Amino acid sequence: TFANVPGVAIPPILGTKVAYDLEKMTWIARVSVDYYMLGVAGNSKIKSLDDLKKMSMGQVIKMPSTGVGSTADAMSKIFIGVLGIKGEVVSGYKGTKEMTVAVIRGDVPASSLPINSMRKYVQSGDVRALLTTEDPSPFAGAPSAKSLGFDDLDGLAIQRLAGAAPGIPHEIQQILSDAFVKAMADPKLQAAANKSKRPFAPLGGEEAARVLKKQLAVYLKFKDALAK
């Protein structure tokens, strides 16, 4: 099965009954990843993370969300918590597109957004990246969370993982993992993945499980904030 994290991780953390336990599943591989960035409008007076922090000393920084329990909501609350800014999440947006428009128009001063969706807006100048969870940062002038010592934000991303039922023998897991990684090296499959704007970011099963464990720990750390 394929799982999008944090999409499948947030519901059980918030108490929703689900028919799976992510920590017990056998993870085969990571297929792709989409890191996050903290962004503002390209014409915003906010030029850096320090500027945003200074602004938050005098006003609440509103960030858009698609509603409690959603990935967008979780990321906004985690960014606010880790950065220590005075923030508020505004629900009601339908998705990334609407959230991006809200940032560009200045309806909200900032937002946490997936890099793959934002890349063209950063390149066009419509959005300015202040910080990325990807290291090294793909954007000039936008430091990575790792470089600034924000360990809980470092590597935080939408992880698309391939998994199987709990209890699969390690030998079988390794065979499946090797097969996935080999398949993702195929030029034709890579071209198809790139065309769909979800390029492969292969990791074997053990490494995928490690990445998942780290992200789950961050979600649990901010459990109370995610539930509000």
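A quick note: this is a predicted structure, and the numbers were derived from the prediction, not measured.
In terms of modelled atom types and a separation under 3.5 Å, the side chain of E98 and the main chain of G95 share a donor-acceptor contact. Proximity of a side-chain donor or acceptor of Q159 to a complementary backbone N or O of L212 within less than 3.5 Å is not detected. Remark: side-chain polar atoms of S137 are paired, donor with acceptor, to backbone N or O of A142 under 3.5 angstrom. Side-chain atoms of S147 do not come within 3.5 Å of backbone N or O of P143 as any donor-acceptor pair. With D186 contributing its side chain and L189 its backbone, the two residues share a donor-acceptor pair below 3.5 Å. Checked by atom type and distance alone, the side chain of Y219 never pairs as donor or acceptor with a backbone atom of A74 at under 3.5 Å. The main-chain N or O of L22 is found under 3.5 Å from a side-chain atom of W27 such that the two form a donor-acceptor pair. For S56 (side chain) and K53 (main-chain N/O), a donor-acceptor pair under 3.5 Å exists by modelled atom type.
Taking hydrophobic clusters as Ile, Leu, Val, Met, Phe, Trp and Tyr residues chained together by side-chain heavy-atom distances below 4.5 Å, V5 shares a cluster with L14. Both L226 and V18 belong to a single network of hydrophobic side chains, linked directly or stepwise wherever heavy atoms of I, L, V, M, F, W or Y lie under 4.5 Å apart. Placement of Y35 and L148 in two distinct hydrophobic clusters is found when ILVMFWY residues are connected by side-chain heavy-atom separations under 4.5 Å, directly or transitively. A continuous path of hydrophobic side-chain contacts links F150 to M63 [ILVMFWY only; heavy atoms under 4.5 Å]. Y36 and V122 are members of different hydrophobic clusters when ILVMFWY side chains are connected at heavy-atom separations under 4.5 Å.
Here the closest heavy-atom approach between residue D34 and residue P114 is recorded as OD2-CB, 3.4 Å. Here the shortest heavy-atom pairing between R128 and A41 reads NH1-O, 3.7 Å. Closest approach of R30 to M184, counting heavy atoms only: O-CE, 3.4 Å. Of all heavy-atom pairs between T26 and A165, the closest is OG1-O, 2.8 Å. Taking all atoms of both residues into account, the shortest heavy-atom contact from M75 to P6 is CE-CG, 4.0 Å. Scanning both residues, P64 and V108, for their nearest heavy atoms gives CD-CG2, 3.7 Å.
The CZ atom of R198 lies 6.0 Å from the OG atom of S32; values are rounded to the nearest 0.5 Å. Within the model, atoms CD1 of I61 and CD of E88 stand 11.0 Å from one another, a figure rounded to the nearest 0.5 Å. For the atom pair NZ (K221) and CG (D224), the distance works out to 13.0 Å, reported to the nearest 0.5 Å. Separating the CD atom in Q59 from the CE atom in M55 is a distance of 5.0 Å, to the nearest 0.5 Å. With values rounded to the nearest 0.5 angstrom, L52 atom CG is found 10.0 Å from L131 atom CG. Distance CG/L38 to CG/L130: 5.0 Å, rounded to 0.5 Å.
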Practice problem: Please assess V31 against L161 for the test side chain to side chain contact (heavy atoms under 4.5 Å, CB included), listing each intermediate value before the final yes or no. | Solution: CA-CA 6 Å; V31 178; L161 309 177; over 6 Å; no
Exercise. Run the numbers on V8 and N4 for side chain to side chain contact (heavy atoms under 4.5 Å, CB included), then give the verdict.
Key: CA-CA 6 Å; V8 297; N4 278 3; 5.5 Å; no
Exercise. Would you check, one step at a time, whether the test side chain to side chain contact (heavy atoms under 4.5 Å, CB included) holds for D154 with T133?
Key: CA-CA 5 Å; D154 177 35; T133 64; over 6 Å; no
Quiz item: How far apart are the C-alpha atoms of M118 and N116, what are their side-chain angles, what is the distance that settles it, and do they pass the side chain to side chain contact (heavy atoms under 4.5 Å, CB included) test?
Solution: CA-CA 6 Å; M118 289 299 102; N116 286 347; over 6 Å; no
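Taking 4.5 Å as the limit, every side-chain heavy atom of V68 sits out of range of all side-chain heavy atoms of K228. The side-chain heavy atoms of M37 and F139, taken from C-beta on, include a pair separated by under 4.5 Å. Side chains of I13 and L220 form a contact here, defined as non-hydrogen atoms less than 4.5 Å apart. Annotation: side chain of F222 is in contact with side chain of V82 (closest heavy-atom distance under 4.5 Å). Annotation: side chain of I104 is in contact with side chain of V127 (closest heavy-atom distance under 4.5 Å). Side-chain atoms of P138 and I115, non-hydrogen and from C-beta on, do get closer than 4.5 Å to each other. In this structure the side chain of L156 reaches within 4.5 angstrom of the side chain of L153, judged on heavy atoms.
The side chain to side chain donor-acceptor pair (under 3.5 Å) pairs that include a residue from residues 37-51 number zero, where partners must be two or more places apart or lie in different chains. Residue pairs satisfying the side chain to side chain donor-acceptor pair (under 3.5 Å) criterion with at least one member in residues 61-86, sequence neighbours excluded, are listed as follows: S65-D73, T66-S70, D73-K77, S76-S112.
Within 6.0 Å of atom CZ in R119, more than 12 heavy atoms from other residues, nucleotides or ligands are found, so the atom counts as buried in its surroundings. Atom CD of E206 has 12 or fewer neighbouring heavy atoms from other residues, nucleotides or ligands inside a 6.0 Å radius. Within 6.0 Å of atom NZ in K214, more than 12 heavy atoms from other residues, nucleotides or ligands are found, so the atom counts as buried in its surroundings.
No side-chain N or O of Q190 forms a donor-acceptor pair with one of N194 less than 3.5 Å apart.
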